[in-house]
Amino acid sequence: MPVTVLLVDDEPLVRAGLRAVLDAQPDIEVVGEAADGAAVIPLVRSLRPDVVAMDVRMPLLDGIEATRAVLRTVDEPPKILVVTTFENDEYVYEALRAGADGFLLKRARPAEIVHAVRLVAEGESLLFPASVRQLAAEHGENGGNPAARAAMERARLTEREAEVLRLMARGLSNAEIAARLIVGTETVKSHVSAVLAKLGARDRTQAVIAAYESGFVAPG
């Protein structure tokens, strides 16, 4: 089955460009479009896309609030890929903290766009790990977030789970973590699931942000 995508952007040319790139792939299908975040929830409920590619800045409801609304009200919500002009935008980090699974630059090359959609749909790797680390370092208060530290302490990760989280924060995929630890991929998936559950994280992006904000992983 193809990865289905909903495009949400107030610029028709951006939507048209994304659709042309994604529809050209045999394993990706654009199933709908919207010009504002306010239209996302009914479309997600009716179309059930795997991924929502959503502009972070829109006139009525921006990508941050739209992300929160989808995750709060939709059962089995789609993956959310924030589309932005600048990777160090304050809005991008807030969207990631709100639950977005990754971000994509509007100037990205077609191959990068396709890769981002596939990677977010699979959920087994961190999209643009270096940029996520930089954002966490700049906006995550460098371990000075008491709530994040308390949440990490409550999680009581095992030694192996902590090791897996550190490798996730470095951007390693499940397969790469398995090779590093000399264990099976299914074992790594189990550890990742346990880490997410203990941290109350929706996905590995949220877990990595928590790791940096709590000071569990130091930037750099």
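- Atom CZ in R68 sits 10.5 Å away from atom CG in L61 (nearest 0.5 Å).
- Under the 4.5 Å side-chain heavy-atom criterion for Ile, Leu, Val, Met, Phe, Trp and Tyr, V56 and L60 are members of distinct hydrophobic clusters.
- How far OG of S193 is from NZ of K198: 12.0 Å, rounded to the nearest 0.5 Å.
- Residue V31 is grouped with residue V74 when hydrophobic side chains (ILVMFWY) are merged at heavy-atom distances under 4.5 angstrom, including chains of intermediate members.
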### Task
Determine, step by step, whether T73 and R45 satisfy the side chain to side chain contact (heavy atoms under 4.5 Å, CB included) criterion, reporting the C-alpha distance in whole Å, the side-chain angles of both residues, the deciding distance to 0.1 Å, and the verdict.
CA-CA 10 Å; T73 63; R45 286 176 171 160; 3.6 Å; yes

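- For R170, the CZ atom sits in a loose shell: 12 or fewer heavy atoms of surrounding residues, nucleotides or ligands are nearer than 6.0 Å.
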### Message
Is there a side chain to side chain contact (heavy atoms under 4.5 Å, CB included) between L47 and T4? Walk through the geometry before answering.
### Response
CA-CA 9 Å; L47 299 173; T4 54; over 6 Å; no

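- Atoms CG and CD1, from L81 and I113 in turn, are 9.5 Å apart once rounded to the nearest 0.5 Å.
- The shortest non-hydrogen separation linking D50 to P2 is OD2-O, 3.6 Å.
- No donor-acceptor contact under 3.5 angstrom links the side chains of D101 and T205, judged on distance only.
- Grouping the Ile, Leu, Val, Met, Phe, Trp and Tyr side chains by contacts below 4.5 angstrom, directly or via other members, places V21 apart from V83.
- The pair D203-K79 does not meet the salt-bridge criterion, since no charged nitrogen lies less than 4.0 angstrom from a carboxylate oxygen.
- The CZ atom of R15 sits 5.0 Å away from the CD atom of E33 when rounded to the nearest 0.5 Å.
- When every heavy atom of G99 is checked against every heavy atom of L71, the shortest pair comes out as CA-CD1, 3.5 Å.
- For E163 and R166, the salt-bridge test fails: no basic side-chain N is under 4.0 Å from an acidic carboxylate O.
- By the 4.5 Å heavy-atom criterion applied to side chains, T84 and L105 are counted as neighbours.
- Here the side chains of V70 and V52 are not in contact, with every heavy-atom distance at 4.5 Å or above.
- Annotation: side chain of T67 is in contact with side chain of M54 (closest heavy-atom distance under 4.5 Å).
- Distance check, rounded to the nearest 0.5 Å: CD1 of I28 to CG of D23 gives 9.0 Å.
- Here the closest non-hydrogen pair linking L43 and A34 is CD1-CB, 3.6 Å.
- In this structure, V3 and D27 have side chains that are not in contact, with every pair of non-hydrogen atoms separated by 4.5 Å or more.
- Between V183 and R160, some side-chain heavy-atom pair lies under the 4.5 Å cut-off.
- A 4.5 Å side-chain heavy-atom check between D10 and P59 finds at least one atom pair inside the cut-off.
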#### Entry: From CA spacing to verdict: side chain to side chain contact (heavy atoms under 4.5 Å, CB included), V44, L6
CA-CA 8 Å; V44 165; L6 171 65; 4.0 Å; yes

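- Taking a cutoff of 4.0 Å between a charged side-chain nitrogen and a carboxylate oxygen, E213 and R149 do not qualify as a salt bridge.
- Nearest heavy-atom pair, P49 versus P78, reported as atom, atom and distance to 0.1 Å: O-CB, 3.1 Å.
- Nearest heavy-atom pair, A148 versus S214, reported as atom, atom and distance to 0.1 Å: O-CB, 3.4 Å.
- Checked by atom type, the side-chain pair R118/Q25 shows a donor-acceptor distance below 3.5 Å.
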### Message
Is there a salt bridge (Lys or Arg N to Asp or Glu O under 4.0 Å) between D55 and K106? Walk through the geometry before answering.
### Response
CA-CA 9 Å; D55 189 11; K106 290 188 177 183; 3.5 Å; yes

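- Minimum heavy-atom separation, A169 to Y212: O-OH, 3.4 Å.
- Two residues are said to be in side-chain contact when any heavy atoms from C-beta on lie closer than 4.5 Å; L157 and M152 meet this criterion.
- Distance check: R204 CZ to L172 CG gives 9.0 Å after rounding to the nearest 0.5 Å.
- L167 has its side chain out of reach of L165: every pair of non-hydrogen atoms, C-beta onward, lies at least 4.5 Å apart.
- Without hydrogens or angle criteria, E122 side chain to L119 main chain gives no donor-acceptor distance under 3.5 Å.
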